> 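This structure is in structure tokens; I'll ask about it shortly.
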Amino acid sequence: MELTMYDFEQYIHKDQNEARAEQMWDNKSQDFYERTEKKQKQFANGFVFRLIKDRQLLKANTRILDIGCGTGRHLLEFAAYTPHLTGIDISSKMLAYAQEKLQHIPQAKLIHGNWMETFNTENEFDFVFACMTPAIASIKHIQRMNMISKKYCMLERTVYEKDSVQEEIEQLLGRKLFRLPHNDKNYVYGVWNILWLMGYCPEVMFDKQVRSTTHTIEDYIQGIDYSPEEKTAVMQLLTGKAKDSMIAAEESVVKAIILWDTETRL
């Protein structure tokens, strides 16, 4: 039986309540901003930006849309190439941080709302980008990206992530505890096949990083369903590792980028 793109939609589909998602990201906005700002310099040298530079994907007149732009981390780096920036997000509090970052760029537009309800003009942008957002979760979403982009579309996804201390805790307790929602290789598999069956020629590129990081004891305790006995054992482990209230860990991360040219079809 010949497969169709609808056979692969199951790999990218996510049910979500938009109002609940907005409240969740509003609540997380301050913590997310403070945590990611510490890594902005490292972030600026990330895989996405190295690829954009090597491929010369952006020019001074490139019109960019960032779907699920959050606090504007990517838009700030895109601004090194072009001032024609548009970001959209469902979280008004995330956008407030983005506004602060981009206030020196008068052409930048930040929109609070649903991107599918906002953008429906053909070839409105030259580069449509989305990173780690549940806003791209159906064939209709991918079709809309293709329609509004005159040239390039890019999706970035973390497909593998582990933390050495989390692994020690799970080994200590003998069970899985830490849910890493970004460890979803099937998403990349699904998107690639959908695009291929639409007639596009998507490229998938991977980048692996191993880095040292630090966390608080609370980072490994908060929100985890420990029994009283497990929590005692974990606290003993973490206290033994802590130096000046911080715990050193090693993170391994594999990111995938899907890039395609909307002008090139088979």
Side-chain angles (χ1 to χ4, degrees), residues 1-18 21 24-25 43 46-52 54-55 57 64-70 73-74 88-90 114-116 119 125 127-149 151-163 166-167 170 176-211 251-266:
M1 182 180 70
E2 185 174 350
L3 295 174
T4 72
M5 59 184 176
Y6 297 99
D7 294 305
F8 294 97
E9 190 172 30
Q10 61 180 311
Y11 296 109
I12 71 170
H13 180 70
K14 297 285 187 299
D15 289 319
Q16 63 172 341
N17 181 300
E18 189 169 317
M24 179 190 73
W25 284 111
F43 178 74
F47 188 31
V48 165
F49 309 112
R50 298 198 309 270
L51 179 62
I52 285 172
D54 291 345
R55 296 287 188 92
L57 299 178
I64 295 176
L65 171 64
D66 184 352
I67 300 167
C69 67
R73 301 173 75 204
H74 289 90
I88 187 166
D89 203 279
I90 60 171
N114 181 306
W115 79 277
M116 287 287 285
F119 303 110
F125 301 96
F127 185 89
V128 175
F129 175 80
C131 174
M132 303 303 302
T133 175
I136 312 298
S138 72
I139 288 171
K140 287 184 178 180
H141 294 157
I142 295 174
Q143 288 171 329
R144 182 66 60 83
M145 287 183 73
N146 293 331
M147 186 190 82
I148 63 177
S149 176
K151 185 61 176 172
Y152 294 115
C153 291
M154 179 184 284
L155 292 173
E156 181 184 13
R157 197 82 174 183
T158 299
V159 295
Y160 176 80
E161 184 176 1
K162 72 173 183 179
D163 177 296
Q166 288 180 344
E167 287 192 323
E170 290 179 339
K176 283 285 184 183
L177 284 169
F178 299 95
R179 179 179 174 270
L180 298 173
H182 303 323
N183 288 1
D184 190 0
K185 294 182 288 187
N186 285 340
Y187 181 88
V188 175
Y189 171 74
V191 169
W192 188 92
N193 278 283
I194 289 168
L195 287 165
W196 179 255
L197 290 168
M198 286 179 175
Y200 296 99
C201 301
E203 297 179 72
V204 180
M205 292 145 283
F206 297 94
D207 182 62
K208 182 177 181 179
Q209 297 286 329
V210 178
R211 61 195 179 216
E251 291 180 344
S252 298
V253 180
V254 178
K255 290 190 176 182
I257 288 178
I258 308 173
L259 171 68
W260 67 101
D261 185 337
T262 59
E263 293 183 318
T264 303
R265 300 188 72 170
L266 299 174

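A quick note: this is a predicted structure, and the numbers were derived from the prediction, not measured. The figures here come from the full heavy-atom set of this structure, side chains too, leaving out hydrogens, waters and symmetry mates.
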> Closer than 3.5 angstrom, by distance alone: can the side chain of Thr262 be matched with the main-chain N or O of Lys151 as a donor-acceptor pair?
yes

> Quick one: does any side-chain atom of Glu9 pair with a main-chain N or O of Ile139 as donor and acceptor, under 3.5 Å?
yes

> Sub-3.5 Å donor-acceptor pair from the side chain of Glu170 to the main-chain atoms of Leu177, do we have one?
yes

> What residue pairs, at least two apart or across chains, pass side-chain hydrogen bond (donor to acceptor under 3.5 Å, both in side chains) with a residue in residues 129-143?
Ser138-His141

> Hey, is Glu251 close enough to Lys162 for a salt bridge, meaning N to O under 4.0 Å?
no

> Check step by step if side-chain contact (heavy atoms from CB on, under 4.5 Å) holds for Ile12 and Ile142.
CA-CA 11 Å; Ile12 71 170; Ile142 295 174; 3.9 Å; yes

> Where the side chain of Trp25 meets the backbone of Ile90, is there a donor-acceptor pair that is under 3.5 Å apart?
no

> Please check: side-chain N/O of Arg157 versus main-chain N/O of Ile257, any donor-acceptor pairing under 3.5 Å?
no

> For the pair His74 and Cys131, evaluate side-chain contact (heavy atoms from CB on, under 4.5 Å) and give the outcome as yes or no after the intermediate values.
CA-CA 9 Å; His74 289 90; Cys131 174; 3.6 Å; yes

> Please name all residues satisfying side chain to side chain donor-acceptor pair (under 3.5 Å) with Asn186, sequence neighbours left out, ordered by chain then number.
none

> Please find the pair of heavy atoms, one from Asp89 and one from Gly70, that lie closest to each other, and give the distance.
OD2-N, 2.8 Å

> Classify the ring geometry between Phe127 and Tyr152 as parallel (under 30°), tilted (30 to 60°) or perpendicular (over 60°).
perpendicular

> Among Ile67, Asp66, Leu65, find the residue that satisfies the side-chain contact (heavy atoms from CB on, under 4.5 Å) test when tested with Cys69.
Asp66

> Which is it for Lys255 and Val159 under the side-chain contact (heavy atoms from CB on, under 4.5 Å) test, yes or no, and what are the steps along the way?
CA-CA 6 Å; Lys255 290 190 176 182; Val159 295; over 6 Å; no

> Identify every side-chain donor-acceptor pair in residues 190-199 under 3.5 Å, counting partners at least two apart or on other chains, and give the distances.
| residue | atom | partner | partner atom | Å |
| --- | --- | --- | --- | --- |
| Trp192 | NE1 | Pro202 | O | 3.0 |
| Asn193 | ND2 | Tyr189 | O | 2.8 |

> In terms of relative ring orientation, are Phe8 and Tyr11 parallel, tilted or perpendicular, with 30° and 60° separating the classes?
tilted

> Drop me the distance from Glu2's CD to Thr4's OG1, to the nearest 0.5 angstrom.
8.5 Å

> So Asn146 and Trp260, side chain to side chain donor-acceptor pair (under 3.5 Å) or not? Walk me through it.
CA-CA 9 Å; Asn146 293 331; Trp260 67 101; 2.6 Å; yes

> Could you work out, with side chain to side chain donor-acceptor pair (under 3.5 Å) as the rule, every residue matching Glu203, not counting sequence neighbours?
Arg55

> What residues form a ring pair (Phe, Tyr, Trp, His ring centres under 6.0 Å) with Phe125, not counting sequence neighbours?
Phe119

> Is Gln10 reaching over with its side chain to a backbone N or O of Asp7, donor-acceptor style, under 3.5 angstrom?
yes

> Quick one: list whatever passes ring pair (Phe, Tyr, Trp, His ring centres under 6.0 Å) with Tyr187, sequence neighbours left out.
none

